[in-house]
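Take a look at the structure below.
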Amino acid sequence: EAGVAQSPRYKIIEKRQSVAFWCNPISGHATLYWYQQILGQGPKLLIQFQNNGVVDDSQLPKDRFSAERLKGVDSTLKIQPAKLEDSAVYLCASSFGSTWGETYEQYFGPGTRLTVT
Amino acid sequence: GNSVTQMEGPVTLSEEAFLTINCTYTATGYPSLFWYVQYPGEGLQLLLKATKADDKGSNKGFEATYRKETTSFHLEKGSVQVSDSAVYFCALSNAGGTSYGKLTFGQGTILTVHP
């Protein structure tokens, strides 16, 4: 079974530029998550999708970050314009579902390491 | 809100030593608890989990017991190997509430095992 795919693996940009990350979840997984992992910290949820609908985007800085999940499969996370503090690893994860009262394992991709200079 | 606190600072051990990494949590309701591991250059992998009080999760010689009375989920291994060197994250997830499934992570503990 193929795992969660992410690209690119590394990206270096200057502040105020824009950048986009792509994620392809495990086939059949309805729930997709984007996490931000700053160096020395644990991952923090940015946005959660259930199929192509947003479940939680309360921690997403909406003035500069946007995300979409077209057709309930692949997802793209965009930052425009980037700030120095956006330097982090961006992790995509997927799970079979997210149902009230149930816990499903999340599978993580390798992440995209973003450096903003 | 939910939060997870892991023991401070990196841990350095000799091979075959006993390992404990402390984890405590704050959460509403009855969360599920997890330990994730991140090996150098690799993504996060689920190591073990426990979904209710007094459950013990185990995998690859690692164990952790869900202690509701002390809100803890400490990770232990009786004899570590060099290959266990990695970053370990404690995490929780609520099966209910407004954002079920979302993981809340601790800050991570770097483990280095020397031969």
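Proteins come first, then strands; the chains are lettered A, B, ... in the order of their sequence lines, and each starts at number 1.
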Honestly, the part of A/Leu91 sitting under 4.5 Å from a heavy atom of chain B is side chain
Separation between CD (B/Gln38) and CZ (A/Phe108), nearest 0.5 Å, reads 9.5 Å
Original post:
Any chain of hydrophobic side-chain contacts (each under 4.5 Å) joining B/Leu44 to B/Phe34?
Top reply: yes
If one checks every heavy atom of A/Arg113 against chain B at 4.5 Å, the contacting part turns out to be neither
Would you indicate whether B/Tyr39, at its atom OH, is surrounded by more than 12 heavy atoms from other residues, nucleotides or ligands within a distance under 6.0 Å?
-> yes
| query | Heavy atoms, side chains only, cut-off 4.5 Å: are B/Leu103 and A/Pro43 in contact? | reply | no
Worksheet item: For A/Leu84, does the CG atom sit with more than 12 other heavy atoms under 6.0 Å from it, leaving out its own atoms?
Response: yes
Any A/Gln106 side-chain heavy atom under 4.5 Å of B/Lys102 side chain
no
Applying a strict 4.5 Å limit to non-hydrogen atoms, the region of A/Gln6 in contact with chain B is neither
- Assess whether atom CD of B/Glu16 is packed by more than 12 heavy atoms of other residues, nucleotides or ligands within 6.0 Å. no
Within a reach of under 6.0 Å around NZ of A/Lys62, are more than 12 heavy atoms found that belong to other residues, nucleotides or ligands?
yes
| message | Using side-chain heavy atoms (C-beta onward) and a distance below 4.5 Å, is B/Phe89 in contact with A/Gln37? | response | yes
Around atom NZ of B/Lys68, are there more than 12 heavy atoms from other residues, nucleotides or ligands closer than 6.0 Å? yes
